[in-house]
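This report refers to the structure that appears directly beneath it.
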Amino acid sequence: MTKKIKKEIKKEKTVKSVNNNIRSSVRKLNPILREIVGKKVDLAIRDLEFSEKRITKDIRKTISSAVANAENNFQYDIDKLVIKEAYCGKKITMKRFRPRAKGRAAPILKPYSSVTIILSEANKMEGHGTKS
């Protein structure tokens, strides 16, 4: 007879915040989100504050919401919070038409996205390529 070995699952302290219906395409959001992953929350917010992109304001609001969730719901230390994951997904696309010459019409696509930010409370980030 064999014993079933129970593996201890190490629970990481993570907090999630989702911002649905951001008025921007995934293609414009992805580079911004990739550069903030692995950074501490205060550094990420500071970097987004000095970015010239319009959409960084919405990303900052999402990060601030995740920090507020961590502080109020789970009593985590804000200074130790690190952005573990940041990704975006495609939502609806509004379709509009613009009049053109000779009675034609040209389509205008207005894409929407959703941004998900996952924070974790960690003393050290594991793995290579982490940012402080």
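In this chain, residues are counted from 1 in sequence order.
Considering every non-hydrogen atom in both Lys84 and Val37, the closest pair reads O-CG1, 3.5 Å. Closest non-hydrogen pair, Gly38 versus Val82, comes out as O-CG1, 3.7 Å. Of all heavy-atom pairs between Ser25 and Pro111, the closest is CB-CG, 3.7 Å. When all heavy atoms of Met94 and Arg96 are compared, the closest pair comes out as SD-NH2, 3.3 Å.
Under the 4.5 Å side-chain criterion, counting only non-hydrogen atoms from C-beta, Glu121 is in contact with Asp77. Under the 4.5 Å side-chain criterion, counting only non-hydrogen atoms from C-beta, Lys28 is not in contact with Ile55. At a threshold of 4.5 Å between non-hydrogen side-chain atoms, the residues Phe74 and Val15 count as touching. Residues Lys95 and Leu109 form a side-chain contact, since some pair of their non-hydrogen atoms from C-beta on lies under 4.5 Å apart.
With hydrophobic clusters built from ILVMFWY side chains whose heavy atoms lie under 4.5 angstrom apart, Tyr112 does not share a cluster with Leu33. No continuous path of hydrophobic side-chain contacts links Val26 to Leu29 [ILVMFWY only; heavy atoms under 4.5 Å].
Taken from NZ in Lys16 to CG in Asn69, the straight-line distance is 11.5 Å, to the nearest 0.5 Å. From Asp42, atom CG reaches atom CD1 of Ile78 across 10.0 Å, with rounding to the nearest 0.5 Å. Expressed to the nearest 0.5 Å, how far CD1 of Ile118 lies from OH of Tyr87 amounts to 4.5 Å. Between the CG atom of Asn19 and the CD1 atom of Ile117 there is a distance of 9.0 Å, given to the nearest 0.5 Å. Atom OG in Ser114 sits 5.0 Å away from atom NZ in Lys91 (nearest 0.5 Å). Atom CG of Asp47 sits about 12.0 Å away from atom CD1 of Ile59, to the nearest 0.5 Å.
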*Do Ile32 and Lys53 pass the side-chain contact (heavy atoms from CB on, under 4.5 Å) test, and can you show the C-alpha distance, the side-chain angles, and the key distance before you say yes or no?*
CA-CA 9 Å; Ile32 299 167; Lys53 304 270 186 180; 4.0 Å; yes
*asked:* Determine whether Leu43 and Ile36 satisfy the following criterion, side-chain contact (heavy atoms from CB on, under 4.5 Å), listing intermediate values before the conclusion.
replied: CA-CA 9 Å; Leu43 290 176; Ile36 65 170; over 6 Å; no
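Of the possible polar contacts, none joining the Glu71 side chain to the Tyr76 backbone as a donor-acceptor pair under 3.5 Å is found. The backbone N or O of Asp58 sits less than 3.5 Å from a side-chain atom of Thr62, completing a donor-acceptor pair. No donor-acceptor distance shorter than 3.5 angstrom exists from the side chain of Ser120 to the backbone of Thr14, with no hydrogens or angles considered.
A donor-acceptor contact closer than 3.5 angstrom links the side chains of Ser65 and Ser17.
Counting non-hydrogen atoms of neighbouring residues, nucleotides and ligands closer than 6.0 angstrom, the CZ atom of Arg23 exceeds 12 such neighbours.
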